[in-house]
Structures are given as structure tokens and as C-alpha cells.
Amino acid sequence: MKVLVTGGAGFIGSHLVDALMERGYRVRVLDDLSAGSLKNIEQWLDNSRFEFIKGDMRDPNIVKEAVEDVDIVYHLAANPEVRISAQSPELLYETNVLITYNLLQAIKDSNVKYLIFTSSSTVYGDAKVIPTPEDYGPLEPISVYGGAKLAAEALISGYAHIFEFHAVVFRLANIIGARANHGVIYDFINKLKKNPEVLEILGDGTQRKSYLHVSDTVEGMLHIFEYFKKEGKIYDVYNLGNEDWITVKEIAEIVSEEMGLNPEFRFTGGVDGGRGWKGDVKFMLLDITKAKSTGWKPKMNSYEAVRRTVRELLKA
Ligand SMILES: O=c1ccn([C@@H]2O[C@H](COP(=O)(O)OP(=O)(O)O[C@H]3O[C@H](CO)[C@H](O)[C@H](O)[C@H]3O)[C@@H](O)[C@H]2O)c(=O)[nH]1
């Protein structure tokens, strides 16, 4: 079985590559290294089962080349920054929707049988039902990023039905862990390294979200993909997250404690009632009943995942 991982040199992608290589697959990575790094996959570069293509998926020819002889595609390449929604909507469109379209155009003329896509909890926007199940609707993303992920999901469903391949979509909570190079924990650590006395917290600090460790995420994706294959459906969607949530202020406390610091917290107040930025979802908790019904469950809750991530990032 040959597997293509788009974004395989990135944060979540490289952990997925580790797991696939350890399971004996032949793995090809397509990554433009804009956010990812060769360091994340360096242990596999000389392995005969591994292949790396450096390329930008906005170029359809590179994508066509990458899907050649591939049976399974894990599509993780994306710009993951919700916060650039106001400044760079066209970039979010290109790096989430256009590249997915290019991939689907390449898949329709290929031998690919399965596509696995990492979508996001942000497709739900400010959900009125919490925890939010997969069939919640109407979906009203509140960021361009969330809208782009939803558009990508919709294209995948349409192509899977028309061109007869199978696709499973994972709507991910906030994923954290070693190799993360963006997000709240990474930001707090860097801010405190620069100034151990004061920590600026965007928004009012009450933003509540569910955080899932990348090891639980990869295990969940691989486990549910096997279940999905056995079920034989054309298309399905799964939430992947934790059953608890943690506030930004609590994350700040854990980061400070792990760094042995006692900084003054300065809240910026944020926008629209304490959001870190326009489009920041204030309360996110996914209903993971469906994922759990396949036999998967997270090993770490949000608090444990945050603490472990702080330690992993400080060690790196
Ligand atoms: O310096 C900072 C950075 C972040 N925050 C706050 O921390 C929370 C988490 O922010 P992150 O940047 O870590 O993550 P997001 O919730 O914006 O988005 C993350 O999770 C989403 C899914 O929930 C998406 O998939 C996305 O790609 C991924 O980056 C936000 O409420 C934000 O306001 C701060 O207070 N200060």
C-alpha cells in the first residue's frame, strides 16, 4: 500500500508519517516546507519506503505527480491560522480550498481509493449545541479559515460520490504536542522566554476549548480509518477532540508553572466580547460519541495534553 501524506513535514503530518512508517507502509510526503520542516521527517529520509517531494500544491502538475501510484491520500497540507482570516482571506482560500480542488482533480484521474482529510472544529462557528455533534447545522463558520475548511469538505464529498472513491473527514479540536510551531502554547512559551515578568494574553482569557494531544489524534485517525474501510461508506465525518475543555487563562497558568515563573497576566481584552481575534470561537467542545463508538478514546484529557505539550516544547 502506498500512502501520500500532503503536509507530511508539518506538525500533525509528521507524527502521522512516523506512525505510518512504523506500521510498514510505503510513504510519500508532499510538502512545500512553508510551515513544515525537513527536521520533522529527517529520520525517514534515507529509508527506501520513504519519498519526499518538495512542492506547492497550488501547482496542479506537482499534485498530479504526487498522487501517481498511490492508494491512500492523507490530506493535511493547509494554512492552519484562524487569526489571519481578516488580513489574508485569499491566502486561506488558496491554501485550503484551491489546493484541495487540485488534489481532487488529480485523484479523479488516478488509482486513489481512499482520501482522509483533516478539517476543523471551526466549521461549526459559534455552535448553539455544545458538545457539538457532526450532524449539527446549519453550519455557520465565523472565520474565513473555518469557511475554507467547510468548502473543502463539501468539494471532497461531491468528488467522492461522482468519481467513486471513499473519503473520511476529521473535524479536529485544537491539536497540540511536540513539533507544534504555532498556537497558544507555543506563543506563550515564546512570549515568556522574551519577557518572564509579563504575559500578554489575547482576549479576556475565558476562551474555552477542547485540546487533543497529537498522539491521540494520529491514533484516532488511523483507528477510525480502518473502521471506515470496513463499513464501506462513500463519505463520512468524525469529530476528534476531548470531552473536557480548558480556558486560555488556565493554559497560561500551566505554562508559567512549568517554566517556574510567576508573570503578571495582561489581558488585551480582545474583540467581540473577549475573543483573541475576529473569528476566534469563544467556546468549542466537540461531541465525540461517534468516534468513541468505533472503539477509540483519547488517553489524555485537555489538561494532561496541555501539560505534556508544554514539557515537550520546552525540551525541544
Ligand atoms: O498568544 C495567544 C495565542 C492564542 N490565544 C488564545 O488561545 C486560543 C487558542 O488559539 P490557537 O491559536 O492555539 O488556536 P485556534 O483555536 O485559533 O485554532 C486551532 O484549532 C482550530 C480547531 O479548533 C483549527 O483547526 C486551527 O487550525 C488551530 O490553529 C484562542 O482562543 C486565542 O484567542 C491567546 O490568548 N494568546
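Just so you know, ligand 1 is whichever comes first in the structure, and atom 1 is the first atom listed for that ligand.
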Next on the checklist: Tell me the contacting part of Lys209 for ligand 1: side chain, backbone, both, or neither, using a 4.0 Å heavy-atom threshold, strictly below.
Outcome noted: side chain
Checklist entry - Salt-bridged, Glu243 to Lys292, with N to O below 4.0 Å? => result yes
Next on the checklist: If we only consider heavy atoms of Phe11, is any one of them less than 4.0 Å away from an atom in ligand 1?
Outcome noted: no
Checklist entry - Mind checking whether Glu81 has a heavy atom under 4.0 Å from ligand 1? => result no
Next on the checklist: Quick test of your reading of the model: are Lys209 and Asp280 salt-bridged, counting only N-O distances below 4.0 Å?
Outcome noted: yes
Checklist entry - So between Leu202, Asn96, Val271, whose heavy atom ends up nearest atom 34 (C) of ligand 1? => result Leu202
Item to check | Test item, Ala173 contacting ligand 1 (heavy atom, 4.0 angstrom) | outcome: yes
Checklist entry - Can you tell if the side chain of Phe163 reaches within under 4.5 Å of the side chain of Ile107, non-hydrogen atoms only? => result no
Checklist outcome for this item: among protein heavy atoms, the one nearest atom 3 (C) of ligand 1 is Asp187 OD2, 3.3 Å
Checklist entry - What are the atoms of ligand 1, with element, lying closer than 4.0 Å to any heavy atom of Leu172? => result 22 (C), 23 (O)
Checklist entry - Which protein non-hydrogen atom lies closest to atom 32 (C) of ligand 1, naming both residue and atom, and how far is it? => result Trp277 CH2, 3.4 Å
Checklist entry - Do the side chain of Thr100 and the main chain of Ala152 share a donor and acceptor less than 3.5 angstrom apart? => result no
Checklist entry - What atoms of ligand 1 come closer than 4.0 angstrom to any heavy atom of Met284? => result 23 (O)
Checklist entry - Does an N or O anywhere in Ser121 fall below 3.5 Å from an N or O of ligand 1? => result yes
Checklist entry - Centres of the Phe225 and Tyr114 rings: under 6.0 Å? => result yes
Checklist entry - Is the closest basic N to carboxylate O distance between Arg171 and Glu153 below 4.0 Å? => result yes
Checklist outcome for this item: atom 4 (C) of ligand 1: of Ile12, Thr206, Val184, Thr268, the nearest heavy atom sits on Val184
Next on the checklist: Can you confirm, on distance only, whether ligand 1 has an N/O atom lying under 3.5 Å from any N/O atom belonging to Pro80?
Outcome noted: yes
Checklist entry - Would you say the side-chain atoms of Asp71 pair up with the backbone N or O of Lys2, donor to acceptor, closer than 3.5 Å? => result yes
Item to check | Lys/Arg-Asp/Glu bridge criterion (N-O < 4.0 Å) met for Arg58, Glu94 | outcome: yes
Checklist entry - Any N/O of Ser120 closer than 3.5 Å to an N/O of ligand 1? => result yes
Item to check | Ion pair Lys229/Glu226, N-O distance below 4.0 Å | outcome: yes
Checklist entry - Tell me: protein heavy atom nearest atom 19 (C) of ligand 1, and distance? => result Asn174 ND2, 3.6 Å
Checklist entry - Going by the atom numbers of ligand 1, which of them fall below 4.0 Å from some non-hydrogen atom of Tyr211? => result 8 (C), 9 (C)
Checklist entry - Can you find a pair of side-chain heavy atoms, one from Asp126 and one from Val281, that are under 4.5 Å apart? => result yes
Next on the checklist: Closer than 4.0 angstrom, basic N to acidic O: yes or no for Arg26 and Glu51?
Outcome noted: no
Item to check | Atoms in ligand 1 flagged as close to Arg83, the criterion being non-hydrogen separation under 4.0 Å | outcome: 3 (C), 12 (O)
Next on the checklist: Between Glu264 and Arg266, does any NZ, NE, NH1 or NH2 come within less than 4.0 Å of an OD or OE carboxylate oxygen?
Outcome noted: yes
Item to check | Where ligand 1 meets Gly276 - atom numbers and elements under 4.0 angstrom, heavy-atom basis | outcome: 33 (O)
Checklist entry - Does the cation-pi check pass for Lys290 over Tyr238, that is, NZ or CZ under 6.0 Å from the six-membered ring centre and within 45° of its axis? => result yes
Next on the checklist: Does ligand 1 come near enough to Tyr145 that some N or O of the ligand is less than 3.5 Å from an N or O of the residue?
Outcome noted: yes
Checklist entry - Below 4.0 angstrom, N of the basic side chain to O of the carboxylate: do Glu304 and Arg308 qualify? => result no
Checklist outcome for this item: Nearest non-hydrogen protein atom to atom 6 (C) of ligand 1, with distance, is Val248 CG2, 3.6 Å
Checklist entry - Does Tyr186 come within less than 4.0 Å of ligand 1, judged by its heavy atoms? => result no
Item to check | Under 4.0 Å to a heavy atom of His182 - the qualifying atoms of ligand 1, by number | outcome: 29 (O)
Next on the checklist: Below 4.0 Å from ligand 1: does a non-hydrogen atom of Lys191 turn up there or not?
Outcome noted: yes
Next on the checklist: Can you name the atoms of ligand 1, numbered from 1 with element, that are less than 4.0 Å from a heavy atom of Val82?
Outcome noted: 17 (O), 18 (O), 26 (C)
Checklist entry - In the protein, which heavy atom is nearest to atom 31 (O) of ligand 1, and how far is it? => result Asp280 OD2, 2.9 Å
